[in-house]
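A quick write-up on the structure given underneath.
On a predicted model such as this, the values are computed, not experimentally measured, just so you know. The chains referred to below are lettered A, B, ... by the order of the sequence lines, with proteins before strands, and numbering in each begins at 1.
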Amino acid sequence: MSLAETAHSQTPPAWLALDRLGVLVAIIAAGGLALPFALFRANRIVPGDALGLFAALPMPLALVLLTALVGGFAAALLRWPAAIKLGMGLVVLAVLFVLVGLSASHLTPEGDSFARVSPGAGFWVLAFAFAVLVTDALTRLALRPWQRIVMLLAVTFAMALLLWSGLWTDLSMLKEYANRAQSFWSEARTHLGLAFGSVALATLVGVPLGLVCYKVKSLRASVLSVLNIIQTIPSIALFGLLIAPLAWVGAHVPGAKTIGISGIGATPALLALFAYSLLPIVANTVVGLLGVSPAAIDAARGMGMTRWQRLRAVELPLAFPVILTGIRIVLVQNIGLTTIAALVGGGGFGVFVFQGIGQTAMDLVLLGAVPTVALAFAAAVVLDALVDMTARETRT
Amino acid sequence: MSWGNGIRLVALLALLALLIWPQAFAGAFGLLTSNGQPAIYNQGSLLDITLSHLGIVAVATLAATFIAVGLAIIVTRPFGAEFLPVSRSLANIGQTFPPVAVLALAVPMLGFGTAPTLVALFLYGLLPIFENTLTGLTGLPPAVIEAARGMGMSGWQRLWRVELPIALPVILAGIRLSVVISLATATIGSTVAARTLGEVIIAGLQSNNTAFVLQGGLIVGVLAVLIYDGLSALERRLLARTGQAEA
């Protein structure tokens with residue numbers, strides 16, 4: 001008899017049995033409760049005072065949080081159905097998110113525009129613990145692709161509502177936002193333009209290049225190893241290596257400067273991101289096409305299809321999920337890498353990250369990092385769901 | 001000597017020459033400077049900075065390897081099986097975090113300097129190693145495990161003498177990915193005052209000195225490609241030794 005079986009035969013009634021992952025979640029959350037919930041600073045730069053739960057929130061609200069946490073602990077610790085764990089986890093997260101905003105309003109003295117309140121370590125640890133619980137419940141529920149997209153939309157809507165309601169207006173990160181609302185949206189446009197633009201360009205070039213590599217065997221190894229080398233070069237180095245040639249082009253090729261080509265700025269960033277994107281797209285196109293079953297190709301040939309018809313009607317559609325996986329990898333990677341474009345003057349959310357590091361203003365770092373992470377995460381969820389949908393279609 | 005090895009050797013020698021006698025290249029880099037800017041980075045020796053860069057990456061990768069392989073072993077044993085699905089999802093989600101964000105967010109906890117860079121490299125380096133170790137340990141042919149069990153091996157003996165050796169090439173592929181990401185993230189670590197090659201590139205960007213940008217970029221780029229290449233060769237050798245055909 002194995003260890004797992006012996007453990008099973010001694011378990012108490014099913015509804016009281018302990019969930020091992022839940023024990024871990026509860027330990028992390030208990031640690032989070034002991035840590036300061038919020039951080040108060042008299043102004044933007046000075047070190048802050050760490051405030052515990054009861055100092056950071058008025059008594060009734062602190063009790064609301066504790067009540068929600070009791071439910072959260074129960075849902076985590078006991079072997080309840082995954083849907084209940086998911087629901088309770090989301091409730092705890094929602095309470096945490098609302099209360100951290102209320103705590104900021106509670107702590108900021110009336111009319112004081114210099115005071116800054118940020119979430120403390122305790123908030124982050126609690127949020128992490130219950131995010132693990134939610135992730136576990138979602139993994140166990142194994143949602144269908146469209147259900148995952150609906151979940152994402154619902155969470156996005158809830159976050160938008162939270163931001164729009166003004167509950168978070170007194171949080172330091174939102175004060176940083178208020179000070180640069182205009183540049184925030186223009187950097188957001190730059191960020192999206194660089195990330196999506198480079199992926200779109202790479203798809204336009206990479207899929208045909210993958211097709212050629214699939215048809216011409218002798219080319220395959222050399223093209224893939226060149227792309228592999230490019231991908232190995234650290235991003236900032238690649239940005240840097242592109243600066244010298246682009247500066248030369250900008251200075252010597254007539255008309256190049258007028259269309260915006262110069263050593264620094266968005267051009268080296270876009271080119272480097274494009275170069276990084278090629279390997280996953282080309283490699284996945286080749287792998288996807290190689291994976292098309294010979295029987296399907298034979299059948300198409302038997303139906304009298306020409307080579308082009310076979311490619312368009314059979315091979316590419318069957319390889320599509322694998323190609324889409326390549327695009328997913330690249331899109332998530334580029335949304336993150338675009339932050340580094342700020343170092344070569346390319347703009348994007350990285351501007352706030354590096355400004356924040358320079359001014360030791362961590363809330364400014366968050367203003368750049370949080371939207372980047374959220375975008376990358378959303379892109380991963382949506383494209384994973386699309387990959388699953390198309391894979392399911394091609395299988396039937 | 002094959003073409004490939006010839007190129008590798010030339011790249012390595014050129015890199016070492018640039019690190020040890022940078023002044024020999026002053027003439028070439030000088031072509032990129034203007035208004036009497038220095039051609040070779042002058043706020044520290046390139047060799048020292050490179051060694052510090054490599055040291056940070058080595059320490060972080062070593063720590064990440066131990067922890068990630070350990071965690072992957074735990075969640076693939078019967079007593080840790082409950083953690084397997086969620087740990088897989090978390091590793092997946094973790095990889096959507098850009099390394100720069102991890103780096104920047106480590107600063108409030110650890111201050112400026114090498115510490116936040118080490119922590120960011122360690123945390124981010126865990127993910128590919130963990131994921132690959134999981135793939136390696138869960139993808140073993142069942143016949144092999146049965147054979148080991150039939151020989152009377154205990155669980156730990158199977159792990160140590162059968163499962164880990166067979167999974168080793170896949171684990172090493174994870175370590176290689178992790179090293180490449182770490183080399184890149186360490187470069188950005190210079191923005192939080194870690195002593196890495198990023199400082200050469202950033203100094204060049206700030207003073208508009210293309211020579212600095214180029215030499216920093218070249219050193220990091222060549223270093224990354226050579227290390228990646230060396231680890232790939234080690235992997236192929238291990239695959240051949242355990243008799244696994246290359247995919």
Side-chain angles (χ1 to χ4, degrees), chain A residues 2-4 7 19-21 24 118 121 131-133 135-140 228-229 231-244 247 263-264 332-333 335-340 343-345 350 353-354 356-358 360 362 365-366 368-370 372-373 376-377 379-381 384, chain B residues 32 77-83 85-90 92-93 95-105 107-109 112 155 180-181 183-188 190-192 197-198 200-202 204-205 208 210-214 216-225 227-229 232:
Chain A
S2 80
L3 257 177
D19 183 317
R20 285 193 196 145
L21 178 83
L24 187 67
S118 0
V132 171
L133 181 67
T135 311
D136 179 54
L138 285 173
T139 316
R140 289 190 206 187
N228 209 345
I229 290 178
Q231 201 160 53
T232 311
I233 300 173
S235 46
I236 171 93
L238 192 57
F239 289 154
L241 293 177
L242 286 170
I243 285 179
I264 57 166
V332 172
Q333 171 191 296
I335 290 174
L337 278 178
T338 303
T339 30
I340 299 167
L343 285 176
V344 289
V353 173
F354 291 111
I357 291 177
T360 51
M362 282 310 134
V365 172
L366 284 176
V370 170
T372 312
V373 171
F377 181 72
V381 172
D384 277 339
Chain B
L32 293 163
R77 300 306 102 188
F79 58 84
E82 264 180 73
F83 296 91
V86 74
S87 57
R88 198 165 250 168
S89 312
L90 285 180
N92 248 327
I93 296 173
Q95 287 182 16
T96 61
F97 278 65
V100 201
V102 181
L103 182 70
L105 297 177
V107 172
M109 282 171 275
F112 283 86
V180 168
I181 298 173
L183 279 166
T185 313
T187 318
I188 308 160
S190 63
T191 55
V192 298
L197 288 161
V200 182
I201 300 175
I202 289 168
L205 289 172
N208 219 349
T210 317
F212 284 6
V213 176
L214 194 64
L218 276 176
I219 296 174
V220 188
V222 171
L223 213 53
V225 172
I227 291 175
Y228 179 90
D229 190 60
S232 308

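- Here A:Leu241 is the residue among A:Val365, A:Val332, A:Leu241 with the most heavy-atom pairs under 4.5 Å with chain B.
- Looking at every heavy atom in both residues, B:Tyr228 comes nearest to A:Thr232 through CB-CG2, 3.5 Å.
- From B:Ser190, atom OG reaches atom CD1 of A:Ile236 across 7.5 Å, with rounding to the nearest 0.5 Å.
- Minimum heavy-atom separation, A:Gly336 to B:Pro98: CA-CB, 3.5 Å.
- At a 4.5 Å heavy-atom cutoff, the contact between B:Val180 and chain A is made by side-chain atoms alone.
- Annotation: maximal heavy-atom pairing with chain A below 4.5 Å, among B:Val225, B:Leu223, B:Val213, occurs at B:Val225.
- B:Thr191 touches chain A through backbone and side chain together, each having a heavy atom under 4.5 Å away.
- Contact annotation for B:Leu205: only side-chain heavy atoms (C-beta onward) come within less than 4.5 Å of a heavy atom of chain A.
- Contact of A:Ile335 with chain B is not made at all, since no heavy-atom distance falls under 4.5 Å.
- In this structure, CG on A:Leu24 lies 10.5 Å from OG on B:Ser87, to the nearest 0.5 angstrom.
- Within 6.0 Å of the CZ atom in B:Phe83, the count of heavy atoms belonging to other residues, nucleotides or ligands exceeds 12.
- When each of B:Leu183, B:Val200, B:Val220 is scored by its heavy-atom pairs under 4.5 Å with chain A, the top score falls to B:Val220.
- The part of A:Asn228 that comes within reach of chain B is its side chain, from C-beta onward, which places non-hydrogen atoms under 4.5 angstrom from that chain.
- Considering only heavy-atom pairs separated by less than 4.5 Å from chain B, the leading option among A:Asp136, A:Leu366, A:Val132, A:Leu337 is A:Asp136.
- Ranked by heavy-atom pairs under 4.5 Å with chain A, the first of B:Val107, B:Leu218, B:Val100, B:Thr210 is B:Val100.
- Smallest separation of non-hydrogen atoms from A:Ile357 and B:Phe112: O-CZ, 3.4 Å.
- Of the listed residues (B:Asn208, B:Thr185, B:Ile188, B:Ile181), the one with the most heavy-atom contacts under 4.5 Å to chain A is B:Ile188.
- Side-chain polar atoms of B:Ser89 and A:Thr135 form no donor-acceptor pair below 3.5 angstrom.
- Neither the backbone nor the side chain of B:Phe212 comes within less than 4.5 Å of any heavy atom of chain A.
- Residue B:Ile202 holds its CD1 atom at 7.0 Å from CZ of A:Phe354, rounded to the nearest 0.5 Å.
- When all heavy atoms of B:Ile201 and A:Ala237 are compared, the pair lying nearest together is CD1-CA, 4.0 Å.
- Closest non-hydrogen pair, B:Ala101 versus A:Ala369, comes out as CB-CB, 3.9 Å.
- Contact of B:Leu197 with chain A is not made at all, since no heavy-atom distance falls under 4.5 Å.
- A:Arg20 places a side-chain N or O within donor-acceptor distance of the main-chain N or O of B:Phe79, the cut-off being under 3.5 Å.
- The candidate with the highest count of non-hydrogen atom pairs below 4.5 Å against chain A, out of B:Gly155, B:Gly217, B:Pro99, is B:Gly217.
- A:Leu21 and B:Glu82 get closest at one heavy-atom pair: N-OE1, 4.2 Å.
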